[in-house]
Trainee: 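Take a look at the following structure, please.
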Amino acid sequence: MRSAERTRAVGVLRDAAAIALACGVVGASFGAVALAAGLPIPAIVAMSTLVFAGGSQFMAVGLIAAGSPLAAVFAGLLLNARHLPFGLALGDTLGQRWRDRLLGSHLMTDESTAFALAQPDPAGRRRVFWLTGIPIFLAWNIGTVLGVLLATRVGDPTRLGVDAAFPAGLLALLLPSLRSAETRRVALVGAAVALVATPLLPAGLPVLLALAGLGVLLLPRPRREPAC
């Protein structure tokens, strides 16, 4: 029994280390992209430390650089709204003390939540949550600092192609969600709305208007005829 638990723990640590490494690389691209967009270094580091929301940070940088800070805040809140059900699902996994709950909610990511909920017992969920959440947080922030340092030495980070990290990072976050046909329809309608609105409206507003794609969910579904 102990051997099985030890093997499972080693597997979790291995997977958590791999994810943390990947987050560090993406964090480095964020640091370089944010610096290229004109954000001051203290603001970049503070965003990774205090906000700690990968996709929202990329989106915020893009919208701030386009001159739409309010749109960046609103879009970030919408993108991170998924953390509300995450918190409900984890429940007591974060611990009973307010200190643990506050810190745990800050470290809550898609990866740490998925790893924790995959465990069969409450003690295992709690242990795995912290084993994945803390390394990801550290790797993201270390990566951000390294990305900023690299960008300051290079001069123009776009020469390394890191400017492509913004759309690539968001696309990577979205791809797992596009397995559902209904989700793909929502995404296609939203993208079409944003493309049409981009030449007509100020930067940032087309992204918010893309939420109109959710209207697809309100359309009546065709009834399937019963098989004979």
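From a predicted model like this one, the values you see are computed outputs, not experimental measurements.
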Trainee: What pairs with Val51 under side chain to side chain contact (heavy atoms under 4.5 Å, CB included), at least two apart in sequence or on another chain?
Mentor: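 Partners of Val51 by the side chain to side chain contact (heavy atoms under 4.5 Å, CB included) criterion, ordered by chain and then number, come out as Met47, Ala53, Gln57.
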
Trainee: Heavy atoms only: give me the nearest Phe30-Ser48 pair and the separation to one decimal.
Mentor: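 The answer is CE2-OG, 3.5 Å.
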
Trainee: Please work out whether the ring planes of Phe52 and His106 are parallel, tilted or perpendicular, with thresholds of 30° and 60°.
Mentor: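 Ring orientation of Phe52 relative to His106: tilted.
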
Trainee: Hey, quick one: are Ile142 and Ile41 part of the same hydrophobic cluster, counting side-chain heavy atoms closer than 4.5 Å, chains of contacts allowed?
Mentor: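 No, because Ile142 and Ile41 fall into different hydrophobic clusters, even though each may have its own neighbours under 4.5 Å.
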
Trainee: Which pair of heavy atoms, one from Met108 and one from Thr113, lies closest together, and at what distance?
Mentor: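 So the minimum-distance heavy-atom pair works out to CG-OG1, 3.4 Å.
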
Trainee: Do the side chains of Val45 and Val26 join up, straight or via other hydrophobic residues, at under 4.5 Å, putting them in one cluster?
Mentor: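 Yes, one cluster joins them.
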
Trainee: Give the minimum heavy-atom separation between Arg125 and Gln119, together with the two atoms involved.
Mentor: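 For Arg125 versus Gln119, the nearest heavy atoms are NH1-O, 3.2 Å.
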
Trainee: Can Asn141 and Val145 be said to form a side chain to side chain contact (heavy atoms under 4.5 Å, CB included), step by step?
Mentor: CA-CA 6 Å; Asn141 282 276; Val145 173; 5.8 Å; no

Trainee: Output the distance between atom CG (Leu35) and atom CG (Leu149), rounded to the nearest 0.5 Å.
Mentor: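 Taking CG in Leu35 and CG in Leu149, the distance rounds to 9.5 Å.
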
Trainee: Within a strict 4.5 Å, meaning less than it, do heavy atoms of the Leu103 and Arg99 side chains meet?
Mentor: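 A side-chain contact under 4.5 Å is absent here.
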
Trainee: Contact between Trp130 and Ser112 at the side-chain level, heavy atoms closer than 4.5 Å - yes or no?
Mentor: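 They are not in side-chain contact.
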
Trainee: Looking only at non-hydrogen atoms, find the nearest pair between Leu39 and Ile44 and report the distance.
Mentor: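 Scanning both residues, the minimum pair turns out to be O-CD1, 3.5 Å.
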
Trainee: Counting only pairs under 3.5 Å, give me each side-chain donor-acceptor contact of residues 132-139, with atom names and distances, residues two or more places apart or in other chains.
Mentor:
unit_1 : atom_1 : unit_2 : atom_2 : d
Thr132 : OG1    : Val128 : O      : 2.9
Thr132 : OG1    : Phe129 : O      : 3.1

Trainee: Would Ile19 and Leu107 show up in the same hydrophobic cluster when neighbours are defined by side-chain heavy atoms closer than 4.5 Å?
Mentor: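 Cluster IDs for Ile19 and Leu107 match.
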
